[in-house]
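Working notes, structure below.
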Amino acid sequence: MVSALEMAQFCCAFSSQSSPLTFIPKSSFKFRSFTCSTTRLLSIGTSCRRPLSLTANLASVHSAEASGVDRRDKKLLLEVKDLTAVISESKQQILNGVNLLVCEGEVHAVMGKNGSGKSTFSKVLVGHPDYEVTGGTVEFKGKNLLEMDPEERSLAGLFMSFQSPIEIPGVSNIDFLNMAYNARRRKLGLPELGPIEFYGYISPKLDIVNMKTDFLNRNVNEGFSGGERKRNEILQLAVLGADLAILDEIDSGLDVDALKDVAKAVNSLFTPTNSVLIITHYLRLLEYIKPTYIHIMEGGKIVKTGDISMAKVLEQEGYKAISKA
């Protein structure tokens, strides 16, 4: 059973927006999990607003030109340049120069074969200790993300829901979320919400994920179905909020109805000032959550960027068709 003291060590990821968040256990826990070189600017019409210098991912520039996306009035949120990373213990190279630019109000989907580096990329962004960054830079809201501890990244507005959310026996959903939400309020210098006040705050959020109130009294993910676990992840996102939500295969293990519920919830939390980064294998999720860009990852880096049509080609013909294009 996780004690209240241990639970207090959980950190959450969210911002002032009413969108996603994450929980990151300290390394002292017996378990560890997370729920939480570009080229110079080629065309000013395809970059996000940036105070000092303007840079852009070449693939994103080409995609913007092709799709007619105007990024001039969008604020730069995440900029990844030449990111390389290895597995901490074995030093096996996984990421080989990832480049990505995300502006506010955009949905990015990363697709690729198993072992291409998709999930590793997402875990590196949130500071997972199993991976070591060996090169490149990552800026989040103008600050060096790689210099932040995982909990600092969470509080800065980064959220991650992962493929297999862990169980926390003995800790109810409502207590877990209440502690996480109050951690955020303390960081902002705001008074904490008591149990009654927090219940009033969280109850309407249940409608977003199509869940009943008795769900709050169940232990975190204990005995949950795959669909319930994914809904619970999105409930955390709804309660805690984030500027950038990373959804790692949020569609895995979901039936059609659960997929629609999760997609509807994500869409309801998406605003012009936050963004979503989706890791997925399948077109079906992207038919409900419309991506601004789709990126193909291969060999630990993004090799192609396009629109929804690229996912449709993948669905019908596989990655060979993309490689030949």
Exercise. For the pair Thr134 and Leu95, evaluate side-chain contact (heavy atoms from CB on, under 4.5 Å) and give the outcome as yes or no after the intermediate values.
Key: CA-CA 9 Å; Thr134 55; Leu95 301 184; over 6 Å; no
Self-check item: Verdict with supporting geometry, Glu167 and Arg229, salt bridge (Lys or Arg N to Asp or Glu O under 4.0 Å)
Solution: CA-CA 9 Å; Glu167 295 182 3; Arg229 290 189 181 216; 2.9 Å; yes
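- Judged purely by distance below 3.5 Å, without hydrogens or angles, the side chains of Asn221 and Asn232 pair a donor atom with an acceptor atom.
- For Phe176 against Val171, the heavy-atom pair with the smallest separation is CB-CG1, 4.0 Å.
- Contact check on Asp130 versus Lys123 returns no salt bridge, with no Lys/Arg side-chain nitrogen under 4.0 Å from an Asp/Glu carboxylate oxygen.
- In this structure, Tyr181 and Tyr201 have parallel ring planes: the angle between them is below the 30° cut-off, well short of the 60° mark.
- In summary, Lys113 and Glu298 do not engage in a salt bridge, as defined by a charged side-chain N under 4.0 Å from a carboxylate O.
- The aromatic rings of His128 and Tyr131 sit perpendicular to each other, their planes meeting at more than 60°, with 30° as the lower class boundary.
- For Asp243 (side chain) and Ser275 (main-chain N/O), no donor-acceptor pair under 3.5 Å exists by modelled atom type.
- Side-chain atoms of Leu216 and Leu206, non-hydrogen and from C-beta on, do get closer than 4.5 Å to each other.
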Exercise. Determine, step by step, whether Phe198 and Asn182 satisfy the side-chain contact (heavy atoms from CB on, under 4.5 Å) criterion, reporting the C-alpha distance in whole Å, the side-chain angles of both residues, the deciding distance to 0.1 Å, and the verdict.
Key: CA-CA 9 Å; Phe198 183 71; Asn182 280 336; 5.9 Å; no
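- Atom OH of Tyr282 has 12 or fewer heavy atoms from other residues, nucleotides or ligands within 6.0 Å.
- Side chains of Val262 and Leu254 form a contact here, defined as non-hydrogen atoms less than 4.5 Å apart.
- A side-chain donor-acceptor contact under 3.5 Å links Asp261 and Asn210.
- Contact check for Val102 versus Tyr293: no side-chain heavy atoms found under the 4.5 Å cut-off.
- Salt-bridge check for Glu287 with Lys260: failed, with every basic side-chain N at 4.0 Å or more from each acidic carboxylate O.
- His281 and Asp251 share no side-chain donor-acceptor pair at under 3.5 Å.
- Using a 3.5 Å distance cut-off with no hydrogens or angles, the side chains of Asn219 and Ser172 do not pair a donor with an acceptor.
- Summarising the local packing, NZ of Lys91 is surrounded by more than 12 heavy atoms from other residues, nucleotides or ligands at distances under 6.0 Å.
- Using the six-membered ring where Trp is involved, His295 and His108 have ring planes that are parallel, under 30° apart on the 30 and 60° scheme.
- Ion pairing between a basic and an acidic side chain is recognised when a charged N comes within 4.0 Å of a carboxylate O; Arg218 and Glu228 show such pairing.
- Thr84 and Lys301 form no side-chain donor-acceptor contact under 3.5 Å, judged by distance and modelled atom types alone.
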